[in-house]
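Bear in mind the structure is a predicted one, so any value in this text is a computation, not a measurement.
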Amino acid sequence: MIYQISVALIAVAFAVLVFFLIRTLKSAQSSLDNVSQTLQEVQKTIDELSYEVKQTVRHANDITADVQNKMKKIDPVMESVQNLGEVLNEVTAAAKQVSSTMIAKFQTKRSNPQDEKASEPIQVQAAPATKTDRTLQSYDATYNDAANGGKKWLKYVDLAANLWQRARK
């Protein structure tokens with residue numbers, strides 16, 4: 001009878017073990033189903049995002065090609081600006097040379113003792129009272145003063161610039 005009770009006890013223990021094992025497996029199956037569903041959603045999201053990323057990359061490539069095309073179109077303008085800068089630099093150097101030559105020429109005329117203008121006393125005018133008067137006097141002294149060469153030096157600079165432009169062509 002002990003054998004029968006032992007076998008019955010083993011059968012009951014096995015049945016309880018199988019019952020709990022079935023519950024555990026069902027729970028694991030439910031978890032695996034959730035994981036599978038989540039992975040499918042993640043895969044779908046990744047597919048959608050990869051499409052968007054590809055579109056963004058294509059758009060960026062189009063923008064890059066457009067920018068490169070526009071940069072190629074701007075290159076001649078930039079070269080022209082560089083050439084203009086060089087020309088202006090050369091014209092400035094030429095004007096500086098012409099003006100220094102003219103100043104030296106005028107100084108030698110003034111230092112000549114036979115020159116009547118050099119022996120005349122320099123007249124000093126009273127300083128103007130307002131800013132406008134000072135500006136007008138400065139303008140007159142620069143552009144209208146015949147005693148100091150007046151517009152002659154401007155004509156020489158203009159002549160030098162024209163000669164330079166013709167020489168460059």
Asn83 and Glu79: side chain donor to acceptor below 3.5 Å: no
Hydrophobic cluster membership, Leu84 vs Val81, 4.5 Å side-chain cutoff: no
For a quick test of your reading: what N or O donor-acceptor pairs under 3.5 Å do the side chains of residues 22-35 make, sequence neighbours left out?
| from | atom 1 | to | atom 2 | distance (Å) |
| --- | --- | --- | --- | --- |
| Thr24 | OG1 | Phe20 | O | 2.9 |
| Ser31 | OG | Ser27 | O | 3.2 |

Note, Lys54 side chain near Arg58 side chain (heavy atom, < 4.5 Å): yes
Spacing of OG belonging to Ser99 relative to NZ belonging to Lys105, to within rounding of 0.5 Å: 14.0 Å
Pairs flagged by side-chain hydrogen bond (donor to acceptor under 3.5 Å, both in side chains) wherever residues 62-78 is involved - sequence neighbours left out: Asp66-Lys70
Atom pair CG (Asn61) and NE2 (His59), whose distance is rounded to the nearest 0.5 Å: 10.5 Å
Shared hydrophobic cluster, Ile10 / Met1 (ILVMFWY, side-chain heavy atoms < 4.5 Å): no
CE-CE distance between Met71 and Met78, expressed to the nearest 0.5 angstrom: 7.5 Å
Residue pairs, two or more places apart or on separate chains, that pass salt bridge (charged side-chain N to carboxylate O under 4.0 Å, His left out) and touch residues 86-99: Glu90-Arg168
Distance, nearest 0.5 Å, that separates CD of Gln107 from CE of Met102: 12.0 Å
